[in-house]
Amino acid sequence: MRPPTGQRAPLRTTADPTDPIDTARDEAREAARTAAREERRAQQAWVEGAAPELPVRTAPPQHVVFHLGPTNSGKTYESLQALAATGSGVYAAPLRQLAQEAYLKLAAQLPPGAVGLSTGEEEVDPFAPIVCCTVEKAPMRGELLVLDESHWVADPDRGHHWAKLLLTGEYREMHVISAAEAHPTLSPLVADAGRVDVVHHRRLSRLDVLAAPVRARSVRPQTLVVAFSRKAVYAVAAELDRHRPGKVGVLYGALPPATRREVIDRFSTGELDVLVTTDVIGHGINVPAGTVLFAETMKYDGTRMRPLRSWEAAQIAGRAGRYGLTGHGTAGVLAGVAGLSPSLALVSVGAEVARGDRPSDLPDRLPRLRPELEDLGAVEAAELPEALVRWQAWARTATRGQAVTPDDVGELVLRVQALLPLLRGPLGAVGDLQTVWRLVSLPIDYDPPRRTRWLVLARAALQHAAGLPVRPELVLPDVPVDGGVEDFEQAAAAARDAQALLRQFPGVADLDGDDAAWVEEECAEAISELLPDAIALSGSGSCSSCGTAVAPWVSTCRPCSAPRGRGPGRDGGRRGARSGSRQGRRPTRSGRG
């Protein structure tokens, strides 16, 4: 019966015990609450029963030497000399180029076969008495460890590799090379060492700052020019090439290693006058550069566009004036490239840090621990997501008040969850715990759009293990028949991913690492041939509507990007410029160029 007009029916504030719908709903809620309580108790019992302790080593280092100081202060040179004198050990660095550079230096002064190289992409006598490698490839024990650029321990993506080596590596002696500001972060990781020495280094050459911006026509030989995206690098190189045709090179992370080495060699021998590079140059790569010019001082850090930090500017500016190569150096800014407005004040601060005249703003982050499979307590692959989450809960308890903190395992969880659906069919028989962990740990970028590439390769490995056919082109694309530099770069990157897979799962699609290396070498040769024309034909670009010069990552100027009926000074113009500035400007993560 309806209530009288103007009155509302009373609201039910309690469940009707005789209503089967209300009863079922209450039972479901209570079951959910009970399950949540039981899970919390299980989590807590797991944490309490895990005996929270930091990883320990059975053989602490007898001697640790910290080499602290700014760029170009001889830290790496002295450490390499100690390694050569010892005759056995490891040099580990964040970049392939650094490992290659150390390998060439040591190989030139030691007998043949005494030094090897191991970077994932390249393996030369990897079991030699001395091995130069990227930090991910460093063994966990040996005679002497030289760990370069150790302030990377604070890096959110790769810092756990430095933390693992310092905290659990079993070396008789360690030489730890770092900016001085990172010493309080690093020293607790080797607190068990028998003896610790700290050597403070001072810069060996002058570093001055140019008072006025430099125009493209005034750039001198032996100059590095720095920008922070592929498009910006080409735009700057094209502007410089107009004044020095054929004498300008480019260097950035997407280039194959062989191409990067060739470009650096051409600059070092004077065949190239100017090298336009990303911040890959700032991580210890030594070239005879008298001047470093910043074409921009803003970079995309994976989350947002921001100004360079002073320690980042110092790492780059410090490449100028390498001791024994060019004498004293100068740093400044390049003017005149559309869309780029570098800050001379920021460069000046960076130069002060590079000289050791002021402390840097190196991020104060705790080193991170990442789990190994044996740390997780999982029995089968389906348990990995929960085991990873539980490990992180344990690690938070174990490291409370300590000098380390647990790494974020979110990406590992996502990788496992992406693989588990593949294991419900005929691939389930080969998707054992060890295999799945090896697949999720492959050193292949998981950021979109590379995420799809990792999953394709993982599926191929499982199909091969199950005896199912795998088309070779899924694992290793052919060398492009035609195309531009970017097409060959993408093919070379796919070949490097294939090498990473085939090192762990040889024989997939009847391929091996040599097949992938050949594709990469062919792509590198093609890129080397195409680069001069690619530089000459690039540029800042022009507005597609009115022809005005614009930045390389936008297609229209502000007035033309404004909605009809709105002027360039209103939100429409600014909004258009901002959305355009994001396109094509996302470089790879910091340190990889």
Any side-chain heavy-atom pair of Cys132 and Gln100 under 4.5 Å: no

Worked check of side chain to side chain contact (heavy atoms under 4.5 Å, CB included) between Val135 and Trp152: CA-CA 10 Å; Val135 68; Trp152 273 57; over 6 Å; no

Check: Leu145 and Val176 side chains under 4.5 Å, non-hydrogen atoms: no

Side-chain ion pair, Lys137 and Glu123, N-O less than 4.0 Å: yes

Tyr446, OH atom: more than 12 neighbouring heavy atoms under 6.0 Å: yes

Asp148 to Pro94 - nearest heavy-atom pair and separation: O-CD, 4.1 Å

Donor-acceptor pair between Ser268 and Asp265 side chains, under 3.5 angstrom: no

Check: Gln62/Glu173 side-chain N/O donor and acceptor closer than 3.5 Å: no

Atom pair CG (Asp208) and NE2 (His328), whose distance is rounded to the nearest 0.5 Å: 5.0 Å

Lys/Arg-Asp/Glu bridge criterion (N-O < 4.0 Å) met for Arg172, Glu143: yes

Side chain to side chain donor-acceptor pair (under 3.5 Å) evaluation trace for Glu170 with Thr58: CA-CA 8 Å; Glu170 297 186 349; Thr58 57; 2.9 Å; yes

Atom pair CG/CG of Asp497 and Asp445 - distance to nearest 0.5 Å: 8.5 Å

Heavy-atom pair of closest approach, residues Ala99 and Tyr91: CA-CE2, 4.1 Å

Side-chain touch Lys164/Leu167, heavy atoms, less than 4.5 angstrom: no

Thr168 (side chain) donor-acceptor with Leu165 (main chain) under 3.5 angstrom: no

Heavy-atom side-chain contact between Phe294 and Leu346 under 4.5 Å: no

Flag side-chain contact, heavy atom, 4.5 Å: Leu147 against Met174: no

Short side-chain donor-acceptor distance under 3.5 Å, Thr71 and Gln315: no

Nearest heavy-atom neighbours spanning Arg319 and Asn286: NH1-OD1, 3.6 Å

N/O donor-acceptor pair under 3.5 Å between Thr399 side chain and Ala395 backbone: yes

Minimal non-hydrogen separation, Trp311 against His151, with atom names: CZ3-CD2, 4.3 Å

Arg368 (side chain) donor-acceptor with Asp407 (main chain) under 3.5 angstrom: no

Closest approach of Ala381 to Val416 (non-hydrogen atoms, all atoms of both residues): O-CG1, 4.1 Å

Val353 versus Pro70, closest heavy-atom pair with distance: O-CB, 3.9 Å

Val115 side chain reached by Asp125 side chain, heavy atoms, under 4.5 Å: no

Expected output: side-chain Glu136 to main-chain His161 donor-acceptor under 3.5 Å: no

Side-chain donor/acceptor of Arg309 to backbone N/O of Leu362, under 3.5 Å: no

Carboxylate-amine/guanidinium contact Glu520 Arg496, below 4.0 Å: yes

Heavy-atom neighbours of Arg503 CZ exceed 12 at 6.0 Å: yes

Donor-acceptor contact below 3.5 Å, side chain Ser205 vs main chain Gly321: yes

Interatomic spacing from CD in Gln97 to OG1 in Thr134 - rounded to 0.5 Å: 12.5 Å

Non-hydrogen side-chain atoms of Leu117 and Pro126 separated by less than 4.5 Å: no

Geometric class of the His67/His175 ring pair [parallel <30°, tilted 30-60°, perpendicular >60°]: parallel

Separation of Gln504 CD from Arg438 CZ (nearest 0.5 Å): 5.5 Å

Residues Val153, Leu186; criterion side chain to side chain contact (heavy atoms under 4.5 Å, CB included); working and verdict: CA-CA 8 Å; Val153 75; Leu186 294 165; 3.6 Å; yes

Backbone N/O of Leu255 and side chain of Thr259: donor-acceptor pair under 3.5 Å: no

Within the 6.0 Å centroid threshold, strictly below: Phe66 and His183: yes

Approximate separation, where rounding is to 0.5 Å, of Thr76 OG1 and Glu101 CD: 8.5 Å

Val64 and Asp197: CA distance, side-chain angles, deciding distance, side chain to side chain contact (heavy atoms under 4.5 Å, CB included) verdict: CA-CA 6 Å; Val64 173; Asp197 292 326; over 6 Å; no

Donor-acceptor under 3.5 Å (Asp515 side chain, Asp512 main chain): yes

Between CZ on residue Arg355 and CZ on residue Arg206, distance to nearest 0.5 Å: 10.0 Å

Trp454 side-chain N/O to Leu439 backbone N/O, donor-acceptor pair under 3.5 Å: yes

Flag, side chain of Ser150 to backbone of Ile177, donor-acceptor distance under 3.5 Å: yes

Ionic contact status for Arg390 with Glu383, cut-off 4.0 Å: no

Electrostatic pair Lys299-Asp301, nearest N-O below 4.0 angstrom: no

Side-chain heavy-atom pair Leu373, Gln434 within 4.5 angstrom cut-off: yes

Working for side chain to side chain contact (heavy atoms under 4.5 Å, CB included), residues Val131 and Tyr103: CA-CA 8 Å; Val131 175; Tyr103 165 74; over 6 Å; no

Atom CZ of Arg202 with >12 non-hydrogen neighbours under 6.0 angstrom: no

